[in-house]
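Contents: one structure, followed by commentary.
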Amino acid sequence: MQALQFFQPNGPAQQVSLPDSTPTGFDLLVAIDAVAVNPVDKKVQSAITDTPKTLGWDACATIVAVGDKVRGFKVGDRVFYAGDVSRPGCFASQQLVDSRIVGHAPKSLDDLETASLPLVSLTAWELLFNRLRI
């Protein structure tokens, strides 16, 4: 698997080869089709100390393999998600992501449009339903 990793705060990304992953439990192994950049990426990068980090959490991807506890998704499904900052990000050719934070990608949008939705959609949802209580 190929990934872009950051080794220092505010430093450039470096392309690295990482071992392939196998999903277990609720995880999906996805092939990344498109990613979006958001403020979380810069915030996480600024906190890098000793351990290199693969950034990126907003993505549109295609499922390659599923863990044994996954329900509602199958190999070949197109999905999108905001990811989990405690795990490696989507600036990679593949990623393991928890199926419980993944949604089926909208059919009416292309990969780039879909990848731009996760953080923006969550922010709008929280504003409308949690803050304004609509």
Side-chain angles (χ1 to χ4, degrees):
M1 172 179 83
Q2 298 295 306
L4 292 177
Q5 287 198 325
F6 292 81
F7 290 78
Q8 59 189 343
N10 305 315
Q14 296 179 28
Q15 185 173 344
V16 297
S17 292
L18 299 173
D20 290 336
S21 300
T22 302
T24 59
F26 290 103
D27 280 348
L28 302 171
L29 177 63
V30 297
I32 305 299
D33 297 319
V35 299
V37 178
N38 67 53
V40 174
D41 300 311
K42 190 64 178 167
K43 183 177 180 180
V44 172
Q45 182 187 4
S46 70
I48 292 173
T49 55
D50 298 335
T51 305
K53 187 86 172 159
T54 302
L55 304 178
W57 288 276
D58 290 4
C60 177
T62 304
I63 297 174
V64 175
V66 300
D68 58 319
K69 294 182 178 180
V70 171
R71 302 292 177 261
F73 296 101
K74 65 184 182 320
V75 171
D77 283 353
R78 190 169 156 260
V79 296
F80 74 129
Y81 52 91
D84 176 350
V85 296
S86 69
R87 299 178 77 174
C90 62
F91 294 175
S93 56
Q94 294 186 335
Q95 180 185 21
L96 283 176
V97 63
D98 190 321
S99 62
R100 297 170 292 186
I101 61 168
V102 171
H104 291 280
K107 293 179 181 173
S108 60
L109 301 177
D110 67 26
D111 292 343
L112 294 175
E113 293 167 329
T114 300
S116 71
L117 285 177
L119 180 66
V120 173
S121 299
L122 285 171
T123 302
W125 178 273
E126 289 172 356
L127 171 68
L128 292 170
F129 298 103
N130 296 351
R131 301 282 182 160
L132 297 176
R133 300 179 192 261
I134 293 176

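Worth knowing before you read on, the calculation uses all heavy atoms, side chains too, and leaves out hydrogens, waters and symmetry mates. Note that the coordinates shown come from a computational prediction; the quantities given were computed from them, not determined experimentally. When a residue number appears, it is its place in the shown sequence, counting from 1.
For the residue pair Arg78 and Cys60, the shortest heavy atom distance occurs at NE-SG, 3.8 Å. Shortest non-hydrogen contact noted between Ser46 and Pro9 is O-CB, 3.7 Å. What you find for Asp58 and Asn38 is that their closest heavy atoms are OD2-ND2, 3.0 Å.
Atom CZ of residue Arg71 and atom NZ of residue Lys69 lie 9.5 Å apart, to the nearest 0.5 angstrom. Residue Asp27 holds its CG atom at 9.0 Å from CG of Leu29, rounded to the nearest 0.5 Å. Rounding to the nearest 0.5 Å gives a distance of 5.5 Å between CG of Leu55 and CG of Asp41. Within the model, atoms CD of Gln8 and CD1 of Ile48 stand 8.5 Å from one another, a figure rounded to the nearest 0.5 Å. In this structure, the separation between CD on Gln5 and CD on Gln45 is 12.0 Å, given to the nearest 0.5 Å. Here the CZ-CD distance, from Phe6 to Gln14, works out to 10.0 Å after rounding to the nearest 0.5 Å.
Every residue two or more places apart in sequence or in another chain that forms a side-chain hydrogen bond (donor to acceptor under 3.5 Å, both in side chains) with Asp77 is listed here: Lys74. With sequence neighbours excluded, the residues satisfying side-chain hydrogen bond (donor to acceptor under 3.5 Å, both in side chains) with Thr62 are Asp33. Taking Lys42 as the reference, Asn10 meet the side-chain hydrogen bond (donor to acceptor under 3.5 Å, both in side chains) condition, with sequence neighbours excluded. Listed by chain and number, the residues in a side-chain hydrogen bond (donor to acceptor under 3.5 Å, both in side chains) with Thr49 amount to none (sequence neighbours excluded).
A 4.5 Å side-chain heavy-atom check between Leu109 and Phe80 finds every atom pair outside the cut-off. Side chains of Ile101 and Trp57 form no contact here, defined as non-hydrogen atoms less than 4.5 Å apart.
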Acceptor/donor pairs from residues 115-134 side chains to any protein atom, 3.5 angstrom cut, sequence neighbours excluded:
| from | atom 1 | to | atom 2 | distance (Å) |
| --- | --- | --- | --- | --- |
| Ser116 | OG | Glu113 | O | 2.7 |
| Ser121 | OG | Leu117 | O | 2.8 |
| Thr123 | OG1 | Leu119 | O | 2.8 |

Listed pairs under 3.5 Å, donor-acceptor, residues 90-100 side chains, sequence neighbours left out:
| from | atom 1 | to | atom 2 | distance (Å) |
| --- | --- | --- | --- | --- |
| Ser93 | OG | Gln2 | N | 3.1 |
| Ser93 | OG | Gln2 | O | 3.3 |
| Gln95 | OE1 | Tyr81 | OH | 2.5 |
| Gln95 | NE2 | Pro88 | O | 2.9 |
| Asp98 | OD1 | Arg100 | N | 2.8 |
| Asp98 | OD1 | Arg100 | NE | 3.0 |
| Asp98 | OD2 | Arg100 | NE | 3.4 |
| Asp98 | OD2 | Arg100 | NH2 | 2.8 |
| Ser99 | OG | Phe26 | O | 2.7 |

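For Asp68 (side chain) and Thr24 (main-chain N/O), no donor-acceptor pair under 3.5 Å exists by modelled atom type.
Hydrophobic clustering (ILVMFWY, side-chain heavy atoms < 4.5 Å, transitive): Phe73 and Ile32 are in one cluster. Met1 and Val66 fall into different hydrophobic clusters, where Ile, Leu, Val, Met, Phe, Trp and Tyr are joined by side-chain heavy atoms under 4.5 Å apart, directly or via other members.
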